[in-house]
Amino acid sequence: MLRILDNLLDWIYKKKCYFCKSSKEAVKMCSKCYDQMDFLPIRINRSILGKKTYCAGIYSKNLQKLIRGLKYHRQKELAYYLAKFMSEYFVKIPEFENEFEVVPVPIYSTREKKRKYNHMKIVGEEFCRLNKNCILNNSLITRVKDTKPQYKLKRDDRIKNLTNAFSVDKTKFCGRKIIIIDDICTTGATFESMIKELNKKGITDIICFAATTPFEN
């Protein structure tokens, strides 16, 4: 009902596309701009500590602008489009038939307060709405260390930066296969750190899924 009301208001006030500024469709991302985002081939992008890691697209053009708008410019409505993009890739992977617990990469509490939200939590909510075999689990892993921004660091420094950065509460585990989701997978250090903490608690049935990667494999 709320989405119907939002769509009606968008039509009345002619919402513009964040990318091309067109108001023809009265949406935050028009179909033309969405269709300009390219998918990577449906295959394992890399293995991180023996866990399959998939990446849906390349971090460039509209996909890059989408993530930056959502992450840094409070364009929360873009979460739906990122979740949709990830979902359209996700339904084609071999593991799709499993029941998943979707675990978004958490951010430190003070950073989340400053931003007002964790963009990947919102993406996770939308992703689970689109995939009925998925449930969202925001409580399993928390970030307990205020780490430096990863993009400024080399791989070894990223690993050190993320040492003891996460904590797992196994009482929140629902027993399903875990899918960790993030916006970008560059070196894989964040996924690696989270996998290590989950493994310490005996949770080993895990795959990783990023919306984008800077590197085409």
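Since the structure is predicted, the reported quantities are computational estimates derived from the model, not experimental observations.
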Quick one: do the [X] and [Y] side chains pair a donor with an acceptor below 3.5 Å?
X    : Y    : result
N118 : E112 : no
K61  : Q36  : no
Q64  : T212 : no
E126 : Y81  : no

Please confirm whether the backbone N or O of [Y] pairs with a side-chain atom of [X], one donor and one acceptor, at under 3.5 Å?
X    : Y    : result
S193 : L162 : yes
E101 : I178 : no
R155 : T186 : no

Residues, nucleotides or ligands: over 12 heavy atoms within 6.0 Å of [X] [atom1]:
X    : atom1 : value
D35  : CG    : yes
K113 : NZ    : no
R68  : CZ    : no
K145 : NZ    : yes
K52  : NZ    : no

Shortest non-hydrogen contact between [X] and [Y], atoms and distance:
X    : Y    : result
Y89  : A56  : CD1-CA, 3.7 Å
V102 : C128 : CG2-SG, 3.7 Å
V105 : M120 : O-CB, 4.2 Å
A211 : L63  : O-CD2, 4.3 Å

Rounded at 0.5 Å granularity, tell me how far [atom1] in [X] sits from [atom2] in [Y].
X    : Y   : atom1 : atom2 : value
L78  : I67 : CG    : CD1   : 10.5 Å
K76  : R74 : NZ    : CZ    : 9.5 Å
F127 : K84 : CZ    : NZ    : 14.5 Å
N45  : T53 : CG    : OG1   : 7.5 Å
N62  : C33 : CG    : SG    : 5.0 Å

Is there a continuous path of hydrophobic side-chain contacts, each under 4.5 Å between heavy atoms, that joins [X] to [Y]?
X    : Y    : result
I184 : I207 : yes
V168 : V103 : yes
L82  : Y54  : yes
F19  : L70  : yes
F209 : I107 : no

> M86 pairs by side-chain contact (heavy atoms from CB on, under 4.5 Å) with which of V91, I181, N131, L130?
Replying inline: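 Result: among V91, I181, N131, L130, I181 is the only option passing the side-chain contact (heavy atoms from CB on, under 4.5 Å) with M86.
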>> Applying the side-chain contact (heavy atoms from CB on, under 4.5 Å) criterion to P104, which one of D183, N138, V123, N137 satisfies it?
In response: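 Of D183, N138, V123, N137, side-chain contact (heavy atoms from CB on, under 4.5 Å) with P104 is met by N138 alone.
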>> Test side chain to side chain donor-acceptor pair (under 3.5 Å) on E25 and S31; report intermediate values, then the result.
In response: CA-CA 8 Å; E25 295 180 41; S31 56; 2.7 Å; yes
>> Quick check on side chain to side chain donor-acceptor pair (under 3.5 Å): which of N133, D205, N98 does K177 satisfy it with?
In response: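 Among the candidates, only D205 passes.
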> Taking the six-membered ring for Trp, are the ring centroids of F39 and F85 within less than 6.0 Å of each other?
Replying inline: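 Distance test on ring centres: under 6.0 Å, yes.
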> Would the F100 and F90 ring centres measure less than 6.0 Å apart?
Replying inline: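 Yes: the rings meet the under 6.0 Å criterion.
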> Within 45° of the axis and under 6.0 Å from the centre of the six-membered ring of Y18, does NZ or CZ of K15 qualify?
Replying inline: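 No; the conditions do not both hold, so K15 does not lie above the ring face of Y18.
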> Taking it one step at a time, do T204 and N199 satisfy side chain to side chain donor-acceptor pair (under 3.5 Å)?
Replying inline: CA-CA 5 Å; T204 59; N199 287 348; 5.4 Å; no
>> Assess whether a salt bridge exists between E192 and R158, defined as any Lys/Arg side-chain N lying under 4.0 Å from an Asp/Glu carboxylate O.
In response: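 Result for this pair is no, no salt bridge flagged.
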>> What I'd like to find out is whether the side chain of F166 reaches to under 4.5 Å of the side chain of T142, using heavy atoms alone.
In response: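 When only atoms from C-beta onward are counted, T142 and F166 do not touch, as no gap falls below 4.5 Å.
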